[in-house]
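Take a look at the structure below.
This is a predicted model, so every value here is computed, not measured.
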Amino acid sequence: MARLVVFVALCLLSVSLATATSNPFLVKGKCYCDTCRCGFETPATKYLAGSKVKVECKNRVTNKITYSIDGVTNSKGEYNILVKRDCGDDVCDVVLVESGDKTCNIPNAGRDRARVALTRNNGMTSDVRYANNMGFLSNEPLSTCTQILQQYQLTEDQY
């Protein structure tokens with residue numbers, strides 16, 4: 001019986017050590033310019049290099065920031081941010097900070113942040129977390145936007 005107790009204790013200890021020293025999370029996503037100012041990605045969307053984003057985690061009860069780390073998008077508008085700890089019960093979002101394009105720098109309300117789960121206590125086995133794409137609105141819509149947006153219009157017999 002004593003051996004069984006020691007065995008179970010060692011198993012629990014190894015699991016807790018593995019969790020404490022596990023790999024960091026990799027948060028991936030993209031930032032785009034909504035060139036037609038329509039609130040979503042279209043064929044005219046361009047992805048923004050040099051945009052600043054951050055992962056920000058807050059305590060669910062106090063709403064105080066418990067973790068924050070910055071990132072920057074590459075030439076394809078993609079970011080990869082390493083989060084070096086499990087954020088447990090905190091609420092974590094990737095947040096737009098600054099656009100890499102001065103002609104497209106208005107954060108799109110509702111598309112200016114993306115929720116990510118940064119804990120291993122949720123059944124996900126991968127270290128990679130994908131955030132929804134986030135966007136800035138262009139200061140002026142492209143002249144071709146009318147034609148682009150016509151493809152999204154449905155007639156009564158199409159629904």
Side-chain angles (χ1 to χ4, degrees), residues 3-138 148-149 151-152:
R3 286 184 178 176
L4 179 62
V5 171
V6 170
F7 176 74
V8 170
L10 286 174
C11 287
L12 291 174
L13 180 62
S14 66
V15 167
S16 66
L17 286 175
T19 301
T21 60
S22 60
N23 294 335
F25 293 105
L26 178 62
V27 178
K28 300 177 79 138
K30 283 185 172 184
C31 292
Y32 66 88
C33 176
D34 180 355
T35 56
C36 290
R37 299 181 58 92
C38 57
F40 54 87
E41 293 169 87
T42 68
T45 294
K46 91 177 176 183
Y47 294 92
L48 297 173
S51 293
K52 295 177 184 176
V53 299
K54 67 179 172 181
V55 173
E56 188 174 81
C57 298
K58 295 181 179 181
N59 180 285
R60 287 182 191 273
V61 177
T62 65
N63 210 32
K64 288 187 179 186
I65 295 173
T66 58
Y67 186 85
S68 182
I69 187 166
D70 298 326
V72 178
T73 58
N74 65 17
S75 62
K76 296 178 184 177
E78 302 166 335
Y79 59 85
N80 295 296
I81 302 173
L82 279 177
V83 175
K84 297 181 179 178
R85 70 178 185 92
D86 190 301
C87 293
D89 289 329
D90 293 342
V91 176
C92 299
D93 292 308
V94 183
V95 182
L96 291 177
V97 175
E98 182 180 316
S99 175
D101 182 347
K102 293 193 185 309
T103 66
C104 187
N105 60 2
I106 304 164
N108 186 358
R111 301 295 303 261
D112 57 345
R113 61 183 47 241
R115 179 83 20 108
V116 289
L118 295 175
T119 183
R120 298 191 193 296
N121 193 21
N122 60 5
M124 289 192 259
T125 57
S126 174
D127 294 330
V128 179
R129 300 295 192 261
Y130 294 95
N132 289 337
N133 292 353
M134 300 181 297
F136 291 95
L137 298 172
S138 177
I148 291 168
L149 293 177
Q151 68 183 327
Y152 295 103

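Taking each heavy atom of Pro43 and Tyr152 in turn, the nearest pair found is CD-OH, 3.4 Å. Contact record, Arg129 with Thr119: NH2-O, 2.9 Å, taken as the closest heavy-atom pair. For Arg37 against Ser138, the heavy-atom pair with the smallest separation is NH1-O, 2.5 Å. Across Ala49 and Ser75, no two heavy atoms sit closer than the pair CB-CA, 3.7 Å. The shortest heavy-atom contact between Asp90 and Arg85 is OD2-NH2, 4.2 Å.
Rounding to the nearest 0.5 angstrom, the gap separating the OG1 atom in Thr42 from the OH atom in Tyr32 is 9.5 Å. Summarising the geometry, atom CD belonging to Glu41 is positioned 12.0 Å from atom SG belonging to Cys36; distances are rounded to the nearest 0.5 Å. In this structure, CZ in Arg60 is found 10.5 Å from OG1 in Thr66, a value given to the nearest 0.5 Å. In this structure, CG in Asn108 is found 9.0 Å from CG in Leu96, a value given to the nearest 0.5 Å. Note: Lys30 NZ to Glu78 CD = 5.0 Å, rounded to the nearest 0.5 Å. Here the OH-CG distance, from Tyr47 to Asn133, works out to 5.5 Å after rounding to the nearest 0.5 Å.
In Asn122, the CG atom is crowded: over 12 heavy atoms of neighbouring residues, nucleotides or ligands sit closer than 6.0 Å. Other residues, nucleotides and ligands contribute more than 12 heavy atoms inside 6.0 Å of the CG atom of Asn74. Around the CG atom of Asn80, the shell of radius 6.0 Å holds more than 12 heavy atoms that belong to other residues, nucleotides or ligands.
In this structure, the side chains of Tyr79 and Val27 come closer than 4.5 Å at one or more pairs of heavy atoms. Using a 4.5 Å heavy-atom threshold, the side chains of Lys52 and Asp70 count as separate. Tyr67 places none of its side-chain heavy atoms less than 4.5 Å from the side chain of Leu118. Contact annotation: the side chain of Val72 never approaches that of Val53 to less than 4.5 Å [non-hydrogen atoms, C-beta and beyond]. Considering only heavy atoms from C-beta on, Met134 stays 4.5 Å or farther from Val95 through its side chain. Two residues are said to be in side-chain contact when any heavy atoms from C-beta on lie closer than 4.5 Å; Phe25 and Ile81 fail this criterion. The shortest side-chain heavy-atom distance between Ile148 and Thr35 does not fall under the 4.5 Å cut-off. Using a 4.5 Å heavy-atom threshold, the side chains of Val94 and Val116 count as touching.
Tested against Ile106 for a side-chain contact (heavy atoms from CB on, under 4.5 Å), the candidates Asp34, Leu137, Asp112 yield a single pass: Leu137.
Qualifying salt bridge (Lys or Arg N to Asp or Glu O under 4.0 Å) partners for Lys46, counting only residues two or more places apart in sequence or in other chains: Asp101.
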Please walk me through it: do Glu56 and Lys54 pass salt bridge (charged side-chain N to carboxylate O under 4.0 Å, His left out)? CA-CA 6 Å; Glu56 188 174 81; Lys54 67 179 172 181; 3.1 Å; yes

Walk me through whether Leu26 and Asp127 qualify under side-chain contact (heavy atoms from CB on, under 4.5 Å). CA-CA 6 Å; Leu26 178 62; Asp127 294 330; 5.8 Å; no

Can Phe136 and Leu48 be said to form a side-chain contact (heavy atoms from CB on, under 4.5 Å), step by step? CA-CA 9 Å; Phe136 291 95; Leu48 297 173; 3.6 Å; yes

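Cys92 pairs with Cys57 as a disulfide, the SG atoms being under 2.5 Å apart.
Side-chain atoms of Thr73 come within 3.5 Å of backbone N or O of Gly50 as a donor-acceptor pair.
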